[in-house]
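Down below is the structure, laid out as structure tokens.
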Protein chains: 2
Amino acid sequence: MMLKIGALASLAGVSRDTLRFYEKHGLITPDTRTDSGYRLYSETDVYRISFILSAKEVGFTLNEIHQLLELEVTKDDKSCHDVKQFVDNKIQVVNQRLGEMEKIKQSLKTLSNACCGGDEPATHCTILGALSVQNR
Amino acid sequence: MMLKIGALASLAGVSRDTLRFYEKHGLITPDTRTDSGYRLYSETDVYRISFILSAKEVGFTLNEIHQLLELEVTKDDKSCHDVKQFVDNKIQVVNQRLGEMEKIKQSLKTLSNACCGGDEPATHCTILGALSVQNR
DNA sequence: CTTGACCTTGGACTATACTCCACCCTTTAT
DNA sequence: ATAAAGGGTGGAGTATAGTCCAAGGTCAAG
């Protein structure tokens, strides 16, 4: 069953304008159009949108997401190799961000614990204090 | 020892313009100025910048980072409580992002493994294929 | 057969986060 | 003493990611 733009938008939790914007930038295209020009999407496009949103949330740009979505391995071994390179590189990026995020989380936790009745000295009662505890 | 803007910029890996931009938005202020008006920073500002960069990388806006940096727990119990609320909320945000990031990482790994000699069927050879394997 | 909900395109506008430029002053090295 | 390197301000310009609006076409219900 095909979805019109408003239906997809509300299922995916984005605005119609956003869908048209993503289309303009190559992130999604309607499967087809009605005779009158209405966009028709397939239901699986909901997952496509939710992938875009997840990827955006963790810091990928629409451009990078576009590249990720474009990845299609052909029979050609060379292009397969290129894809693997690209993906492995993104995995490294993700790993690095995971690390940064863990550091920040620990700082926030230190701050939260120290500042309301914890045993940590008051010098940790700022983010930078908490951070320097982590890096100690 | 005090650092002029260029020195701090190169230690922290940002441009001088960026430092002045951050100053305009309240994220950092020089400790003092020379008689001729040159900004003088302390060396610990390097950590401040690197905190800003980490936080930015994992998806916080400059505005949110500003709020994090402003956090200072006073003796006032009420404000202490507010700070804790704010921080605990940010911890939740970070946790959620960690989850999204892990999902994306698993998808990328599935893609990387499946497409260059792995045993996974070729249907996984796109991000969306890999994602749907994860969500299965 | 018209009203209201939904769709189309094109273009203007916004927020965020820089980046660059012009013009001028200060400091440092030769 | 002078040139190069570096710093100051103000303001314009750019990229990213939307968001809003006008003017008009489509479609199902009453």
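Per chain, numbering begins at 1; letters A, B, ... match sequence-line order.
- When rounded to the nearest whole Å, the span between CG of L19(B) and P of dG7(D) equals 10 Å.
- Put simply, CD1 on I49(A) is 14 Å from C1' on dA17(D), counting in whole angstrom units.
- Distance I5(B) CD1 to dT26(C) P: 17 Å, rounded to the nearest Å.
- Of the side-chain N and O atoms in K24(A), none sit less than 4.0 angstrom from OP1 or OP2 of dG10(C).
- Taking 4.5 Å as the limit, some side-chain heavy atom of D45(B) sits within range of a side-chain heavy atom of S42(B).
- Phosphate proximity of dT19(C) to T18(B): present, with a side-chain N or O under 4.0 Å from OP1 or OP2.
- Side-chain N/O atoms of R16(B) include none lying less than 4.0 angstrom from OP1 or OP2 on dG6(D).
- Picking from dT19(C), dA17(D), dC7(C) the nucleotide with the shortest atom distance to the side chain of F21(A) gives dA17(D).
- The residue among T61(A) and A7(B) whose nearest nucleotide of DNA chain D lies closer to the 5′ end is A7(B).
- For DNA chain C, the residues of residues 27-44 of chain A within the heavy-atom distance limit of 4.0 Å (strictly under) are R33(A), G37(A), Y38(A), R39(A), sorted by number.
- Counting heavy atoms from C-beta outward, Y38(A) and R33(A) have side chains that stay 4.5 Å or more apart.
- Rounding to the nearest 0.5 angstrom, the gap separating the CE atom in M1(B) from the CG atom in L40(B) is 9.5 Å.
- Sequence neighbours left out, the pairs with a member in residues 47-58 of chain B that pass salt bridge (charged side-chain N to carboxylate O under 4.0 Å, His left out) are R97(A)-E57(B).
- The listed nucleotides are dG18(D), dA17(C), dT19(C); the one nearest the side chain of L62(A) is dG18(D).
- Between L8(B) atom CG and dG6(D) atom P the separation is 15 Å, expressed in whole Å.
- Projected onto DNA chain C by closest heavy-atom contact, G6(A) and F60(B) fall at different nucleotides, the more 5' of which corresponds to G6(A).
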Contacts under 3.5 angstrom, residues 19-31 of chain A side chains, donor-acceptor by atom type, not counting sequence neighbours:
from: R20(A); atom 1: NH2; to: D17(A); atom 2: OD1; distance (Å): 3.4
from: E23(A); atom 1: OE1; to: R39(A); atom 2: NE; distance (Å): 2.6

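- Closest to the R20(A) side chain, of the nucleotides dT8(C), dA17(D), dG8(D), is dT8(C).
- The distance from atom CD of Q67(B) to atom P of dT16(C) is 12 Å, rounded to the nearest whole Å.
- The NE2-C1' distance, from H66(A) to dA17(D), rounds to 15 Å in whole Å.
- In this structure, CD of E57(B) is placed 15 Å from C1' of dA17(C), rounded to the nearest angstrom.
- Using modelled atom types, one finds a donor on one side chain and an acceptor on the other under 3.5 Å when comparing T18(B) with S15(B).
- Between K4(A) and D17(B), the one whose closest nucleotide on DNA chain D sits nearer the 5' end is D17(B).
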Practice prompt. Applying side chain to side chain contact (heavy atoms under 4.5 Å, CB included), run through S54(B) and I104(A) and close with a yes or a no.
Written response: CA-CA 8 Å; S54(B) 295; I104(A) 287 179; 4.1 Å; yes
